[in-house]
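Everything on this sheet refers to the single structure shown next.
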Amino acid sequence: VQLQASGGGSVQAGDSLRLSCAASRRMSGSYSMGWFRQAPGKEREGVAARRGGDNKIVYADSVKGRFAISRDNAKNMVYLQMNALKPEDTALYYCATTSGNPIYSNILRPNAYTYWGQGTLVTVSS
């Protein structure tokens, strides 16, 4: 599976952005999807994920109530709606998927995912 993320940009604090992730082929509902980010000098961290099978959605505490992950199976797309952006949200954002169903406690861990897209840069200025 090849993934391509897009939609990043430079915005002001409080603005919104929607990131998109296009998959090269249809992924069944059993695939788990996730969005991750990596800020300069920091480790990659999970932001939002939707687990395959039960479609359970998990968010990092830092984005709860502001970000929303969704998928459109008909279009092979996954989205990350980001609202009320903060300067600390500045990072390179990646989408990822795996055919497995990571256990709930691992759903936001990068090493639980097999396929990765290239990053799309989000810069939030104050």
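The residues of the chain are indexed from 1 along the displayed sequence.
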(request) Verify, without hydrogens or angle tests, whether Q38 (side chain) and E45 (backbone) share a donor-acceptor contact under 3.5 angstrom. (result) no
(message) Side-chain heavy atoms nearer than 4.5 Å, only ILVMFWY residues, links allowed to pass through others: does that put V11 and L121 together?
(response) no
(message) Holding to side chain to side chain donor-acceptor pair (under 3.5 Å), I want the full list of residues that pass it with D61, two or more places apart in sequence or in another chain.
(response) K64
(message) Using only atom types and a distance under 3.5 Å, with no angle test, would you say the side chain of T97 pairs donor to acceptor with the backbone of S32?
(response) yes
(request) Name all residues meeting the side chain to side chain donor-acceptor pair (under 3.5 Å) criterion together with Q81; count only those two or more places apart in sequence or in a different chain, and write none if there are none. (result) N83
(message) I need the S20 OG to K75 NZ distance, nearest 0.5 Å.
(response) 10.0 Å
(message) I'd like to know if the side chain of R50 and the backbone of M33 have a donor-acceptor N/O pair within less than 3.5 Å.
(response) no
(message) Between I69 and L19, is there shared hydrophobic-cluster membership here, with clusters defined by ILVMFWY side-chain heavy atoms closer than 4.5 Å?
(response) yes
(request) Quick one: pull up OG in S125 and CG in D15 and give me the separation to the nearest 0.5 Å. (result) 8.0 Å
(message) Tell me the closest heavy-atom pair linking A96 and L3, and the distance in Å.
(response) CA-CD1, 3.7 Å
(request) List the steps, then state whether side chain to side chain contact (heavy atoms under 4.5 Å, CB included) holds for Q2 with R25. (result) CA-CA 8 Å; Q2 292 182 324; R25 62 174 178 83; over 6 Å; no
(request) Please check if V58 and M82 belong to a single hydrophobic cluster, counting links between Ile, Leu, Val, Met, Phe, Trp and Tyr side chain heavy atoms closer than 4.5 Å. (result) no
(message) Can you confirm whether more than 12 heavy atoms, excluding those of Q118, are under 6.0 Å from its CD atom?
(response) yes
(message) Strictly by ring-ring contact (aromatic ring centres under 6.0 Å, His included), give each pair with a member in residues 89-126 just once, sequence neighbours left out.
(response) F36-Y113, F36-W116
(message) Considering only residues two or more places apart or on different chains, which pairs with a residue in residues 49-85 satisfy ring-ring contact (aromatic ring centres under 6.0 Å, His included)?
(response) none
(message) Treating N106 as the side-chain partner and I103 as the backbone partner, does any N or O pair qualify as donor plus acceptor under 3.5 Å?
(response) no
(request) State, with a plain yes or no, whether a side-chain heavy atom of R37 is found less than 4.5 Å away from one of V63. (result) yes
(message) Working to the nearest 0.5 angstrom, can you tell me the gap between S126 OG and L85 CG?
(response) 13.0 Å
(request) Kindly write out the residues that satisfy salt bridge (charged side-chain N to carboxylate O under 4.0 Å, His left out) with D54, not counting sequence neighbours, or none if the list is empty. (result) R51
(message) What I'd like to find out is whether the side chain of V124 reaches to under 4.5 Å of the side chain of V122, using heavy atoms alone.
(response) yes
(message) Quick one: does any side-chain atom of S30 pair with a main-chain N or O of G52 as donor and acceptor, under 3.5 Å?
(response) no
(message) How long is the straight-line distance from CG of D72 back to CE of M77, given to the nearest 0.5 Å?
(response) 8.0 Å
(request) Quick one: closest heavy-atom pair of N76 and M27, and the distance? (result) OD1-N, 4.2 Å
(message) Could you report the tightest heavy-atom contact between S16 and A84, atom names first, then the distance?
(response) OG-N, 4.2 Å
(message) Just verifying a value: how many Å separate S28 OG and N73 CG, rounded to the nearest 0.5 Å?
(response) 8.5 Å
(request) State which residues pass side chain to side chain donor-acceptor pair (under 3.5 Å) with E43; sequence neighbours excluded, sorted by chain then number. (result) none
(request) With side chain to side chain contact (heavy atoms under 4.5 Å, CB included) as the test, would you mind laying out the steps for V78 and C95 before giving the verdict? (result) CA-CA 8 Å; V78 179; C95 58; 5.9 Å; no
(request) Look up atom CG in L80 and atom CZ in R71, then write down how far apart they are to the nearest 0.5 Å. (result) 14.0 Å
